[in-house]
Amino acid sequence: MSDIRHVISTDSFGDPNVIARLFRLATEFRRGDWKKKTPQHLKGRILATVFYEPSTRTRFSFEAAMLKLGGQVITTESAGHFSSAIKGETLEDTIRIVGGYADAIVLRHPEIGAAARAAAVSPVPVINAGDGAGEHPTQALLDLYTIRQELGRLDNFTIAMAGDLRYGRTVHSLIRLLGNFKGIRVVLASPKGLGLPKAYQSFLQERNIQFRETNVFETALQSADVLYMTRVQKERMPARAHTRGSSFILNTTHLSFLQRHAVIMHPLPRAGEIDLLVDADPRAAYFRQAENGLYVRMALLKKIFE
Ligand code: NCD
């Protein structure tokens with residue numbers, strides 16, 4: 001398998017063989033008996049998690065993945081406040097220093113391009129855990145794994161992406177990753193002003209992926225094999241736009257529009273886009289999706305440290 005060094009965008013997962021091997025490994029971890037006994041694959045290795053933005057799933061699952069593989073973690077909660085960033089240190093200097101203490105760095109930062117800047121100076125692999133409204137490649141990887149688990153295939157399906165497609169980095173990365181597969185149809189459903197940026201639309205065109213846009217949520221539901229819900233990324237908008245276009249809300253009435261085999265996903269956190277009553281529907285896959293994040297990140301860390 002080709003080496004994975006930095007993971008800045010989904011380009012790291014452009015080779016279908018890389019994805020196949022990561023998914024095989026993730027499934028081994030999902031089924032495996034590491035729950036009883038800690039495997040020692042990453043013994044003696046240290047992962048640094050440097051997060052300048054809040055996180056629950058991404059940071060905890062990376063840290064749990066590292067610990068479950070026998071490695072160790074150094075971390076700072078809210079790096080913008082509790083690292084020397086508050087004293088004016090640049091991201092580049094912080095990364096150079098942390099890279100001298102750890103064997104890999106997982107970075108989340110509010111600016112597009114921050115992970116690439118970090119990778120340019122880092123002595124160790126940098127994994128992008130979200131760079132502003134840019135990308136979130138490891139989320140796309142676990143999303144893809146979830147689609148395969150739930151739907152049973154990675155080609156010939158319709159995915160409806162609903163919500164904030166403009167600022168939602170998980171949508172951006174998933175679109176780029178889906179570009180490697182055949183027979184994908186995309187329905188883009190967003191409130192006005194929150195549509196998919198032109199660059200990602202052009203990407204879909206270049207890859208000959210059929211897509212259509214709508215501002216009507218219900219329109220997106222009927223044909224969807226996968227419904228990918230997202231929250232409005234208020235923190236990325238100018239303050240005066242906060243009240244604009246609340247996201248679409250999936251409730252139990254909508255469930256009858258969805259196909260029986262449809263898969264309902266959300267990278268989480270949800271901020272009201274999915275009614276809590278939807279959770280009981282077997283098609284609701286978002287908690288399984290979040291759990292898959294652990295196994296996919298275990299697989300990725302193992303590959304990176306090999
Ligand atoms: C996402 C993110 O941080 O981009 N969360 C996650 O990593 N699961 C989605 C979001 O915050 O809306």
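We're numbering straight along the sequence, starting at 1. The figures here come from the full heavy-atom set of this structure, side chains too, leaving out hydrogens, waters and symmetry mates. Indexing begins at 1, ligand by ligand and atom by atom, following the structure's order.
Using a 4.0 Å cut-off between a side-chain N of Lys or Arg and a carboxylate O of Asp or Glu, Lys302 and Glu306 qualify as a salt bridge. Classification of Arg270 and Glu273 as a salt-bridged pair fails, no side-chain N sitting under 4.0 Å from a carboxylate O. One finds a salt bridge joining Glu111 and Arg117 here, because a Lys/Arg side-chain nitrogen approaches an Asp/Glu carboxylate oxygen to under 4.0 Å. Arg169 has a carboxylate O that lies under 4.0 Å from a charged side-chain N of Glu53, or vice versa, which qualifies the two as a salt bridge. Checked for salt-bridge contact, Glu92 and Arg96 miss the test: no charged N lies under 4.0 Å from a carboxylate O.
The closest heavy-atom contact to atom 4 (O) of ligand 1, among the options Arg169, Gln233, Arg236, comes from Arg169.
Within ligand 1, counting atoms from 1 as listed, the ones closer than 4.0 Å to a heavy atom of Thr58 are 6 (C), 7 (O). Of all atoms in ligand 1, listed by their number and element, those nearer than 4.0 Å to a heavy atom of Leu268 are 1 (C), 5 (N), 6 (C), 8 (N), 9 (C). Set against the non-hydrogen atoms of Arg231, the atoms of ligand 1 under 4.0 Å away are 10 (C), 11 (O), 12 (O).
Using a 4.0 angstrom heavy-atom cutoff, Pro269 counts as in contact with ligand 1.
Under the 6.0 Å cut-off for aromatic ring centres, His254 and Phe217 qualify, their centroids lying closer than that.
In Thr230, neither the side chain nor the backbone holds a heavy atom less than 4.0 Å from any atom of ligand 1. If you look at Gln139 next to ligand 1, the close heavy atoms, those under 4.0 Å, all belong to the side chain.
Polar contact with ligand 1: present for Arg108 (N/O pair, distance under 3.5 Å). Considering backbone and side-chain N/O of Pro267, one or more are found under 3.5 Å from N/O of ligand 1.
A cation-pi contact, defined as under 6.0 Å to the ring centre and within 45° of the axis, is absent between Arg176 and Tyr200.
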